Amino acid sequence: MELLSGGDLLVRSLEAEGVEQIFGYPGGSVLHIYDALYRHKTIEHFLVRHEQAAAHMADGYARVTGEVGVVLATSGPGATNTITGIATAYMDSIPMVILSGQVPGHLVGEDAFQETDMLGVSRPVVKHSFAVKSADEIPEVIKKAFYIANTGRKGPVLIDLPKNVTNPADLFEYKQPGKVVMRSYNPVSRGHSGQIKKAVDEILKAKRPIIYSGGGVVQGDSSELLVKLVEKLGCPITSTLMGLGAYPCGGDQFVGMLGMHGTYEANMAMHHSDVILAVGARFDDRVTNNTAKFCPDATIIHIDIDPASISKTISADIPIVGSVHQVLTDMLVQLEKVKDGIDDEALKSWWGRVKEWQVKDCLKYSVADGEKMKPQQVVETLCKVTNGDAIVTSDVGQHQMFAAQYYKFKRPRQWINSGGLGTMGFGLPSAMGAQVAYPNETVVCVTGEGSIQMNIQELSTCLQYRLPIKIININNQSLGMVKQWQDMQYDKRHSHSYMESLPDFVKLVEAYGHVGMRVDHFSDLEAAMEECFALKDRLVFMDIYVDPNEHVYPMSIAGGAMKDMILSKTERT
Amino acid sequence: MRRIISILMENEPGALSRIVGLFSQRGYNIDTLTVAPTDDETLSRLTLTTSGDERKIEQITKQLNKLIEVAKLVDLSEGAHVERELMLVKLKATGAQRAEIKRTVDIFRGQIIDVTPALYTVQLVGDSSKLDAFVDSVGEASVLEVVRSGVSGIGRGDKMLAL
Ligand SMILES: Cc1ncc(C[n+]2csc(CCOP(=O)(O)OP(=O)(O)O)c2C)c(N)n1
Ligand SMILES: [Mg+2]
């Protein structure tokens, strides 16, 4: 019989889950685990420079692969440093397992050195958490944690590991746990067939239908089904920020992103629709604007795996609880049965109206002669140079919205951003996680000079592991999104939204051992980008100076309906 | 509207804090709370009272159901049910008051469970409004200390909350 210590049991259990890469940072309480990692060598560990980045890396890895991202941090400050990363994953329903060290069991509760009640601190931002009391529980706990993280509505699961539990002196037998059976956790997958039938009837009756798709389609790997459904129904489709790519942005029926910075046509089509089919989207406040004025004529069909997301903000007329994958499959079967259900005449005139809205060309922007480069030009050029194929992560701010609006995503899991929490500092480490998962793909981080400085230390990690990420720093010399709000709502009082003393980013990245480039003029941009992407095996940081006064439009008018938008500095709906 | 939510959950450390945490996190109120293991030691039964409109209660029950340790729950106030609360109350009982209090205790079918020359300690079981009524009847002035268990409840007839 083979006897293993807790640390070895942990590594063995992770192997059993198919884990090949983990992201972490060592410290006293996890030294036994680090020693086990050293001896086994089966799992590749990426050493970050700040634990927040470990969580974002694991998150980025999970978002591009659909697999569980794994984080390892020491007790106290190491663990608390991961909190923002955990909260970010939680808000976007990303599967993650966080192994957090803890002081030895006999010291718990005594304010021991580097003791934090991590179960308590993390409770509101995890799907679930476990406290391991004895090493022999490890295999079972790991198995359950992965199961919970990656089923139902996905999310982060934290495991608190007191140091004594991984003590190399205490040996236990490794017993491979069987299938997870939890009487109190049985996520649904199949949607109610009666409800699905009702939904199909309603869609077929619709004169002005629209599909509103969200991150659930990406998370549920249901992109192909969505595309089929869209084709079958022939109606417009819009997507949330989190759902971009599930239906190709270049697709004929795509009317753009909806919501606060959504397109004019998407928001108008939502507002004027008579049936909304929401697929894996959660009617969050950045989408609905004022819920009291939300889409007055629409019958709402809502497919979601999380019953609590249904009728939370907007009440659903036809709720369908189930996995997007299963429900769309069933829905397509139902639709196959009806021969000529769709009202083509109505649909044609509906498209007529949508096309009129599209004529407005709400994403056009003007560049006057001699004016500074526009951030929109940067994203458009990026899309052109990468042929729309790159995995793009972003930070948070104007650059994020420009990336979402102007990069034409073709596939799911290609667009990675912190939608729910809006975490500045997410872009670079999530790009690192994506690059680790796909070493041969082009991974781009679109960021701003504000956000990038929130995790810039990770440039060092990138050198250590030779991660050839391309960083597109849309440098507007200000916390642009904050400044935009101050322009619009605070009479241009720019309270702490500008940055004096910006570093020389080129020198900075060179000091980290990478390639830096600075671009000031649009006329130089494309060539510089070509050069950047030609450097296949190097990290390149492009510091691109743009107009500091540009705003993101359209922008919904606070307190209004979805149709109420500001379209430019001078135009409103 | 006042609701009684009864929860069957895993009897594990951390489960209770998750439930309580959920309420504060999402801005719901807990008015009363009782919890103890059931005949099956691996399960606990938790009863809480809260208030809110239809929509809020729906959210509360859905969010509670999402907690991994929650196995089953029921909103008892939706159907016929029995609710009980236990109260221990220490009362000033001197002079003429002493007899009067004794009479009130009898009317409410309470029991005097401890006595000193100047005090009665009374035990009373009933629904919450009965306990309120008792306190009103004896008068705030004689009440020295009140301990209430919080509401427990169970469905009437063959309705059961079990796995
Ligand atoms: C960690 C964190 N702190 C603060 C904010 C609030 N915030 C949102 S956008 C923004 C400005 C971002 O500036 P930058 O990265 O330069 O992007 P820009 O808007 O200029 O494109 C700030 C401060 C946030 N989202 N995240
Ligand atoms: Mg900026």
Side-chain angles (χ1 to χ4, degrees), chain A residues 87 90-91 93 105 108-109 117-133 137 141 144-145 147-149 151-160 162 180-188 282-283 291 302 304-316 319 321, chain B residues 3 5-30 33 35 37-47 50 52-75 78 160-163:
Chain A
Y90 181 70
M91 286 296 272
S93 312
V108 167
D117 171 13
M118 195 54 190
L119 292 168
V121 171
S122 67
R123 199 190 54 232
V125 294
V126 294
K127 182 172 174 185
H128 195 56
S129 46
F130 291 94
V132 178
K133 293 273 174 278
E137 299 169 9
V141 166
K144 279 186 180 165
Y147 176 69
I148 292 170
T151 51
R153 180 170 180 178
K154 301 174 181 189
V157 177
L158 183 128
I159 304 175
D160 196 55
V180 177
V181 188
M182 295 174 77
R183 62 182 170 187
S184 54
Y185 177 68
N186 297 292
V188 288
R282 62 186 176 93
F283 295 88
T291 51
H302 191 176
D304 206 293
I305 199 159
D306 175 9
S309 281
I310 293 178
S311 298
K312 181 167 67 180
T313 60
I314 297 289
S315 106
V321 178
Chain B
R3 299 300 188 111
I5 296 173
S6 203
I7 302 173
L8 206 54
M9 63 188 204
E10 299 293 343
N11 182 10
E12 278 167 9
L16 179 61
S17 69
R18 255 187 265 273
I19 288 175
V20 175
L22 182 100
F23 274 76
S24 64
Q25 197 181 319
R26 294 194 181 263
Y28 314 141
N29 274 330
I30 297 181
L33 175 81
V35 59
T38 64
D39 54 328
D40 174 352
E41 287 273 313
T42 67
L43 287 170
S44 285
R45 176 87 173 234
L46 182 149
T47 314
T50 182
D53 55 22
E54 210 50 53
R55 189 177 186 123
K56 186 160 175 182
I57 298 299
E58 186 182 323
Q59 258 301 304
I60 292 179
T61 52
K62 282 174 167 180
Q63 294 292 354
L64 284 169
N65 257 319
K66 260 171 78 173
L67 296 175
I68 308 292
E69 287 119 338
V70 169
K72 245 183 182 178
L73 67 78
V74 62
D75 178 352
E78 272 185 340
M160 261 173 282
L161 182 63
L163 288 188

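It should be emphasised that the depicted structure is a prediction, and the values quoted were computed from it without experimental measurement. By convention in this document, chain letters (A, B, ...) are assigned in the order of the sequence lines, proteins followed by strands, and residues within each chain are numbered from 1.
Separating the CD atom in B:Q59 from the CD1 atom in A:I310 is a distance of 10.5 Å, to the nearest 0.5 Å. Taken from NZ in B:K66 to NE2 in A:H128, the straight-line distance is 14.0 Å, to the nearest 0.5 Å. Separation of atoms CE (B:M9) and OG (A:S184) is listed at 11.0 Å; rounding is to 0.5 Å. A distance of 8.0 Å separates CZ in A:R123 from CZ in B:R18, rounded to the nearest 0.5 Å. Distance check, rounded to the nearest 0.5 Å: OG of A:S311 to CD of B:E54 gives 12.0 Å. Distance CD1/B:I68 to CZ/A:F130: 7.5 Å, rounded to 0.5 Å.
Contact annotation for A:N186: neither backbone nor side-chain heavy atoms come within less than 4.5 Å of a heavy atom of chain B. Contact annotation for B:E12: neither backbone nor side-chain heavy atoms come within less than 4.5 Å of a heavy atom of chain A.
Between A:R183 and B:E10, at least one side-chain nitrogen of the basic residue sits less than 4.0 Å from a carboxylate oxygen of the acidic one, meeting the salt-bridge criterion.
At a threshold of 4.5 Å between non-hydrogen side-chain atoms, the residues B:K62 and A:K312 do not count as touching.
Highest contact tally toward chain A, considering only B:R55, B:R26, B:Q25, B:Q63, is held by B:R55 [criterion: heavy-atom pairs under 4.5 Å].
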